[in-house]
Asker: 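Take this structure, written in C-alpha cells, and hold onto it; I'll ask about it next.
Not measured: the values here are computed from a predicted model.
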Amino acid sequence: MKKFSTRLVLWHELHGRKNLPWQRKITPYKVWVSEIMLQQTQVVTATPYFKKFIQEFPTVKSLSKATPDQVLKLWSGLGYYARARNLHKAAKLICSNHEGKIPSSINELVELPGIGRSTAGAILSLGFKKKAPILDGNVKRVLARHFKIEGNLQASSTTKQLWQISESLLPSDRIDIYTQAIMDLGATVCTKSNPLCSNCPVNQDCSAFKEGLVDTLPLKVKRKSKLTKKVLWLLPQGPSGEILLEKRKEEGIWGGLWSFIETEKKAELELALSRNFDSNISNIKKLKKVKHNFSHFNLEAIPYLVKVKKGKKIKNTVWVNFKNVESLGLPAPIKKTINQITMP
DNA sequence: TACACGTGGGA
DNA sequence: TTCCCAAGTGT
C-alpha cells in the first residue's frame, strides 16, 4: 500500500481544488491573505472578499501604505476583524523589518501578528514549497478519524498529538500539493456530517471507517449556553436621511469599526441625545428590535431613530447613508440596518 | 486553560 | 427554531 501522503497527492490530481482565486498565479502574499481570510471562514464566504482585497492591495507594500479604515472596509461583513487589523500591522512590519518580503522561516512568520503555527505552516508549504505541517479544522478531523484520536480536540494534549501526527505524515516531495490535498479531503470528502468514505483515497487504513466510528469522531463537546446582551442604539438622522455613526474602541467586539451610538440604559441614550443635538425626546421613534447572534453571546438591540439638525462636529463620528455605506468598515447588522433606513 | 472574537449556512 | 460550525489566533 502506498504512503498516506502519496495517496492524497494522487487523489488531489483527480479530485482536488485547483482553481480557487488564491491558487491562480500563486504567491506567498496571496497564500497569506487567503489563509487569514479563511480562518474560521468557509471558502464560499471568503472568495468575493479575497478578490476585492487583492484588487485593492495587490502587494504587501500597497497594503502597508493603507489606512486602517481602508483595510476594515474591505473586511466589512467578514467578521473576526482583528484578522484585518493584524494583517495590516503585519504588512507594515514586513516592510519595515523584512524589506517587503514575506519571511520564509517558521520563527519569523509566527512573530507576525495574526500568524500562528498553522497559518505559518500553510504559508511555508503552499507559498514557499517548504516542508511544514498545518493543523486546521479539516486536518484535525481527518487525522482524528484516521488515527482514532478520541480525546477532546480542545485539549492541549490532543492538539499536541495531532501536530505530531501531522508532521510525521509530511512528504519530502510536492509538499504544496500534499497540504492542499489534505485540506481538500477534509472539506469535500471527510466532512463533519455525511462524509463520503467510499470516495476516500485512504479509507483502507482509516480506523474510524473500519470500526464504524466516523460519526462519533472527532469527539463533539457541548458548547456552554450563551448569554443575551441587551443594548440601545441611538440613530440621529439628518435632514437628508443620513445617520450618525460612532467609531468603536479598538478592543472588544467590532473593534475599530463604525457603529451606532450604543448605550445600555435609556437615560444614557437620552443624555447622549440632549448633549449633542438640539432635539427633544418626544420625536424619538423606536424601531424594530435587531437580533444578532455571535459565536459567544446573543445581542438584542433596540434602535431609536431621532430626526436632528446637523449641528457641531462630534468627535469620532461620521454621517452615513446608502451612498457611502460601502466606504466604511461596518459590522454586518449595522450595514443592514442603515440600508433599510436610508434606501430610497 | 479557557475564553473572546463574526458571520452565514447547513442540519 | 436552535445548534453547530468553517483554512485559528491572541490573551
Asker: Can you sort out which residues in residues 14-33 of chain A have a heavy atom within less than 4.0 Å of DNA chain C? Ascending by number, please.
Answerer: Arg17(A), Leu20(A), Trp22(A)
Asker: Which whole-number value in Å describes the distance from Leu38(A) CG to dT9(C) C1'?
Answerer: 15 Å
Asker: Rounded to the nearest Å, what distance is computed from the CD1 atom of residue Ile36(A) to the P atom of nucleotide dG8(C)?
Answerer: 11 Å
Asker: Could you check whether atom CD of Glu264(A) has more than 12 heavy atoms from other residues, nucleotides or ligands sitting under 6.0 Å from it?
Answerer: no
Asker: If you pin Arg141(A) and Thr119(A) to their nearest nucleotides in DNA chain C, which one's is more 5'?
Answerer: Arg141(A)
Asker: Mind calculating the distance between CE (Met183(A)) and P (dG8(C)) to the nearest angstrom?
Answerer: 10 Å
Asker: I need the CG-P distance between Leu135(A) and dA6(C), as an integer number of Å.
Answerer: 14 Å
Asker: Given the P atoms of dT1(C) and dG6(B), what is the spacing between them in whole Å?
Answerer: 24 Å
Asker: Roughly how far, to the nearest 0.5 Å, is the OG1 atom of Thr27(A) from the CD1 atom of Ile54(A)?
Answerer: 6.5 Å
Asker: Hydrophobic clusters here meaning ILVMFWY residues chained together by side-chain heavy-atom distances under 4.5 Å, can you tell me if Val308(A) and Leu245(A) are in one?
Answerer: no
Asker: Quick one about Thr159(A) and Ser156(A) (side-chain donor to acceptor, distance below 3.5 Å, no hydrogens or angles considered), yes or no?
Answerer: no
Asker: With sequence neighbours excluded, what pairs up with Asp205(A) under the salt bridge (Lys or Arg N to Asp or Glu O under 4.0 Å) test?
Answerer: Arg7(A)
Asker: Answer yes or no for Arg117(A) and Trp163(A): cation-pi contact, defined as NZ/CZ to six-membered ring centre under 6.0 Å and angle to ring axis within 45°.
Answerer: yes
Asker: Can you give one letter per nucleotide of nucleotides 1-11 of chain B, going 5' to 3': B for a protein heavy atom under 4.0 Å from the base, S for sugar-phosphate only, - for none?
Answerer: S-SSBBB---S
Asker: Taking the six-membered ring for Trp, is the centroid-to-centroid distance between His12(A) and Tyr178(A) below 6.0 Å?
Answerer: no
Asker: Nearest-nucleotide wise, let me know which of Ala187(A) and Leu112(A) is further upstream toward the 5' end of DNA chain C.
Answerer: Ala187(A)
Asker: Between C1' on dC4(C) and CG on Leu153(A), what's the gap in Å once rounded to a whole number?
Answerer: 14 Å
Asker: Under 6.0 Å between ring centres: does that hold for Tyr29(A) and Trp22(A)?
Answerer: no
Asker: Can you confirm if the aromatic rings of Phe297(A) and Phe294(A) lie within a centre distance of less than 6.0 Å?
Answerer: yes
Asker: Can you measure Asp136(A) atom CG to dC5(C) atom P for me and round it to whole angstrom units?
Answerer: 15 Å
